[in-house]
Amino acid sequence: MRWITAAGTVLAAVAALAGGVNSGSAEAAAPPVRTQHVEYFPGPRAEPRQVAVPASGRVSRDGPSLAGTTPAVKALQRSGPVSGRLDLVVMGDGYTADEQGEFAADAEEKLDAIFDVEPYRSYRGLFNIWLVDTVSHDSGVSGDPGADAVKDTALGSSFFCDGIERLLCVDTDEVARYAGLAPDADIVFVIANSAKYGGAGYSAADLPAGSAFHGVATMSSDNDRSYLIGAHELGHSIGHLADEYQYTGYGTYPSAEEPAAANLTIHRDVGATKWYRWLGTQDPSGSVVGTYEGGGYYEAGIYRPTETSIMRSLASTDFNVVGREAMIAGFYADADALTSSLPTTRPIGQGRLITVCLAPLTGLADVELTWYVDDRQVLAATGDQSVTPRELGVRGRGHKVTATVTDLSTAIRDPAVRAAATTSLTWAVR
Ligand SMILES: [Zn+2]
């Protein structure tokens, strides 16, 4: 979820939408209620909405069930070292001890659906995926099927959060504790054991202090459209994309400042937009890239790149090309296509074998491995994943060997993104 903080009115208006969670002027002595801003999805094909809710949605009668048990952490996909990968942690809620196998199957199915959306599909190899088994006392989650259904679950998941049926809140303190069990956590998904449509997105700013991860997305397990909630939320947390939807009555964007997100601009003039390199391109989401008025919750004075996209409505299952490129930039901000177990911190001998690993990327990705001695490229070694300095032509002391991987993907047009999609490792040769 992303907030246009330059426009404070958005937050204020959203707080008002939430029904006055913090209102309490009559009881001035009441302790302040910490709120979290979450994004929810009113229907399987609807445009999302933003609300503020009390920080803990827990309605369970018991405390956390983490105590006294050691939840199992499994690697569903381990494509490389945690330092070189995006680490996605997936945990279930409303699964009993007997239903852990069901959780694993649900998680796999949901992840396969998300990773069928580009650019996740092509860049899945930049992710590690960890499953954390959370054991709930009850099967199913609160608010399913009706608002009065109360379940005792590990993470306190609940539909009808703050009275909104499709808003699936979770106890983010508990989520953070469980996420800490995984080797690393950049993003967290919570899959609620339910066939009811719903989910939520929590942005980093609203997560418990000290959380290492950028965002939490919740989604129901057995609804075949809920995976799009996860795909959309990662758009915020990985691609730093803005919402491309608008609210009726919000009027004109109130700032003269250009939004930071890659997919919104205040410039109607096509040549002045940050996505000028994509103008006129036929977009996977169906329209031609241009400037379409409305986005970032406002109706006018702000423009998005395409008629629709997954950042505007979950009726769309595609990022537009501008969003795609921002996602790829986000992947590479946290992950590297090139890794090696040979440390670069110590000089190596001329006969030492240097072995590098390339992330298993496909489709849109187009990585090329090149080698350099000092600043001279060794063309004959292009693509070799194991070389020695001597084979590269190093003679004598004081040289250095560099491996570079560049992503030549045509989904990247911005030179700054291309630079971010380039990783080098350099060894000094003694
Ligand atoms: Zn959103």
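For ligands, and for the atoms within them, numbers begin at 1 and follow the listed sequence. As the structure is a prediction and not an experimental result, all values here were calculated from the model.
Taking the six-membered ring for Trp and thresholds of 30 and 60 degrees, H236 and H232 have ring planes more than 60 degrees apart, a perpendicular arrangement.
The Zn ion (ligand 1) lies under 2.8 Å from an N, O or S atom belonging to E39.
Its N, O or S atom nearest to the Zn ion (ligand 1) is what matters here, and for H236 that atom is NE2. Of all N, O or S atoms in D243, the one lying closest to the Zn ion (ligand 1) is OD1.
Aromatic pair F127/F115: ring centres closer than 6.0 Å.
Applying the salt bridge (charged side-chain N to carboxylate O under 4.0 Å, His left out) criterion to R85, with sequence neighbours excluded, gives no partner residue. Looking at residues two or more places apart in sequence or on another chain, you find a ring pair (Phe, Tyr, Trp, His ring centres under 6.0 Å) between F319 and Y120.
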